[in-house]
Colleague: 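Before I ask anything, let me first share the structure, which is written out below as structure tokens.
Just the heavy atoms: all of them, side chains too, but no hydrogens, waters or symmetry mates, feed the values below. Letters A, B, ... are given to chains in the order of the sequence lines, protein chains preceding strands, and every chain is numbered from 1.
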There are 2 protein chains.
Amino acid sequence: MEIQAEDMHEALRKAGLRITLARRVICRILADADEEHLTAAEILDRANNVAGGVDQSTVYRTLEALAELNYVQHVHIGHGAGFFHLRGDHAHHHLVCEVCGTAINVPYEDLEPAFASLRDKYGFMPDSTHFAILGHCQDCRETEETKSSVANDLL
Amino acid sequence: MEIQAEDMHEALRKAGLRITLARRVICRILADADEEHLTAAEILDRANNVAGGVDQSTVYRTLEALAELNYVQHVHIGHGAGFFHLRGDHAHHHLVCEVCGTAINVPYEDLEPAFASLRDKYGFMPDSTHFAILGHCQDCRETEETKSSVANDLL
DNA sequence: ATCCGTGCAAATACTTTGCATTTAC
DNA sequence: GTAAATGCAAAGTATTTGCACGGAT
């Protein structure tokens with residue numbers, strides 16, 4: 001089951017925080033984004049498309065409040081801006097290409113065996129809501145191979 | 001076999017780059033750090049302890065040059081400053097606790113099966129020289145359990 | 001002599017903070 | 001009415017870049 005904007009509203013209320021237009025909009029954006037990785041800047045843009053005059057500081061503060069309530073996670077994958085996304089229960093993980101930055105989603109089941117062995121062997125519980133593996137994606141690997149064969153031809 | 005400062009010197013020379021005092025010092029720091037995760041600021045500090053007057057821009061530029069030569073990797077784990085470290089042989093990976101920051105080393109063999117399946121299924125080649133899994137370590141998990149039972153007692 | 005590398009300072013990118021005003025409750 | 005949230009601007013980190021000078025080859 002997906003997290004709804006209303007779930008976040010309720011959590012905010014319970015924490016004694018207030019439901020404002022900006023927050024409503026941001027919760028909606030997060031709920032709609034689902035698996036997408038959004039940067040603060042993208043969330044800001046989308047918020048301003050719906051309701052004008054939203055400031056970046058409001059975006060960051062709202063995201064921080066939702067992170068405090070365990071709805072949002074702020075992750076840094078590679079360089080540049082961090083990503084914000086909901087900590088859903090349908091866990092998925094990311095294969096992030098170090099060359100082109102593409103992220104491939106991997107369903108939890110594909111990594112479960114590896115996680116189980118880490119848990120058993122090291123008592124370590126991987127964060128099942130977010131996980132990034134850095135490496136090289138297929139396209140970039142092919143490009144690299146082409147490049148090296150070209151280089152070899154030139155020798 | 002560990003990477004030596006001299007290996008990096010040779011690579012720099014081969015690339016037509018020059019061996020300067022700052023670079024010599026930085027290569028040494030990286031070789032000595034071994035598997036430690038150093039930030040640019042820490043490398044700068046250590047460099048200035050050995051040879052004064054090294055600038056941060058020199059540190060970043062040298063690290064970038066070494067990254068280009070595939071000796072150094074710049075990774076961002078969590079927020080804050082990124083870490084720089086040598087790309088050693090694919091020896092081990094890190095389980096990084098999101099609570100206390102402790103990193104547990106895991107030998108490559110323990111993750112090899114998972115890596116193989118990612119390669120087969122997604123054509124994705126995990127970076128075998130660096131890999132961090134975020135999660136909660138055993139100690140922090142125990143502390144958390146204690147905290148929640150205390151909280152329950154207070155209800 | 002030729003360029004590459006350096007320090008310095010300024011610029012950039014991302015995120016956080018201080019403050020006066022507005023708004024939800 | 002009161003405390004929380006907002007917009008604005010400015011400050012804080014982490015990193016990069018422009019430039020003139022100095023140094024490695």
Colleague: Does any non-hydrogen side-chain atom of A/Ile3 lie less than 4.5 Å from one of A/Tyr71?
Modeller: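 The answer is yes, as the side chains (C-beta and beyond) meet within the 4.5 Å cut-off.
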Colleague: Can you list, in residue-number order, the parts of residues 50-58 of chain A that come under 4.0 Å of DNA chain D, counting heavy atoms only?
Modeller: A/Gly53, A/Val54, A/Asp55, A/Ser57, A/Thr58
Colleague: If you assign each of B/Arg61 and B/Gly80 to its closest nucleotide in DNA chain D, which residue comes earlier from the 5' end?
Modeller: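 So the residue in question is B/Gly80.
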Colleague: Would you give the length of the straight line joining atom CD1 of A/Ile26 to atom OG1 of A/Thr58, rounded to the nearest 0.5 angstrom?
Modeller: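 So the gap between those two atoms works out to 7.0 Å.
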Colleague: Checking A/Arg28 now: which residues fulfil side chain to side chain donor-acceptor pair (under 3.5 Å) with it, not counting sequence neighbours?
Modeller: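 Listed in chain order: nothing, the list is empty.
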Colleague: Reading DNA chain C from 5' to 3', where do the contacts with chain A start and stop? Cut-off is 4.0 Å to heavy atoms.
Modeller: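 On DNA chain C, the outermost contacted nucleotides are C/dC14 to C/dC25.
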Colleague: Any side-chain heavy atom of B/Leu38 within less than 4.5 Å of one from B/His85?
Modeller: no
Colleague: What residues form a side chain to side chain donor-acceptor pair (under 3.5 Å) with A/Arg46, not counting sequence neighbours?
Modeller: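 If we apply the side chain to side chain donor-acceptor pair (under 3.5 Å) test to A/Arg46, skipping adjacent residues, the hits are A/Glu36.
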Colleague: Look at the side chain of A/Asn48 and the backbone N and O of A/Asp45, then say whether any donor-acceptor pair between them is shorter than 3.5 Å.
Modeller: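 No, the answer is negative, given that no donor and acceptor are paired below the 3.5 Å cut-off.
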Colleague: Name all pairs fulfilling the salt bridge (charged side-chain N to carboxylate O under 4.0 Å, His left out) condition that reach into residues 74-83 of chain A, sequence neighbours left out, sorted by first residue then second.
Modeller: none
Colleague: Mind checking what makes ring pair (Phe, Tyr, Trp, His ring centres under 6.0 Å) contact with B/Phe83, not counting sequence neighbours?
Modeller: B/His37
Colleague: Please give me every residue in residues 11-24 of chain A whose heavy atoms get under 4.0 Å of an atom in DNA chain D, ordered by residue number.
Modeller: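 Residues of residues 11-24 of chain A under 4.0 Å from DNA chain D: A/Leu17, A/Arg18, A/Thr20, A/Ala22, A/Arg23.
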Colleague: Is a donor on one side and an acceptor on the other found under 3.5 Å between the side chain of B/His79 and the backbone of A/Val75?
Modeller: no
Colleague: Could you name each residue pair satisfying salt bridge (charged side-chain N to carboxylate O under 4.0 Å, His left out) that touches residues 53-67 of chain B, not counting sequence neighbours?
Modeller: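 Output for this query is empty, none listed.
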Colleague: Show the nearest heavy-atom pair for residues B/Val54 and B/Leu44, with the distance to one decimal.
Modeller: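 The answer is O-CD1, 3.3 Å.
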Colleague: Anything under 4.0 Å to a heavy atom of chain A counts; send over the first and last such nucleotide of DNA chain D, read 5' to 3'.
Modeller: D/dA3 to D/dC8
Colleague: Here's a test of your reading of the structure: between A/Ala40 and B/Val59, which maps to the more 5' nucleotide of DNA chain C?
Modeller: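 Of the two residues, B/Val59 wins.
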Colleague: For the residue pair B/Cys27 and B/Thr62, establish whether any side-chain heavy-atom pair is separated by less than 4.5 Å.
Modeller: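 A side-chain contact under 4.5 Å is absent here.
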Colleague: Do you know the tightest heavy-atom contact between A/Leu30 and A/Leu86?
Modeller: O-CD1, 3.7 Å
Colleague: Enumerate, atom names and distances included, each donor-acceptor pair closer than 3.5 Å involving a side-chain atom of residues 15-25 of chain A, sequence neighbours excluded.
Modeller:
{"unit_1": "A/Thr20", "atom_1": "OG1", "unit_2": "A/Arg23", "atom_2": "N", "d": "3.2"}
{"unit_1": "A/Arg23", "atom_1": "NH1", "unit_2": "A/Arg18", "atom_2": "O", "d": "2.9"}

Colleague: For B/Glu10, enumerate each residue passing the salt bridge (Lys or Arg N to Asp or Glu O under 4.0 Å) test, keeping only those at least two apart in sequence or located in another chain.
Modeller: B/Lys14
Colleague: Work out how much the helix from C/dA1-D/dT25 to C/dC25-D/dG1 bends between its end axes, five pairs an end, to the nearest 10 degrees.
Modeller: 30°
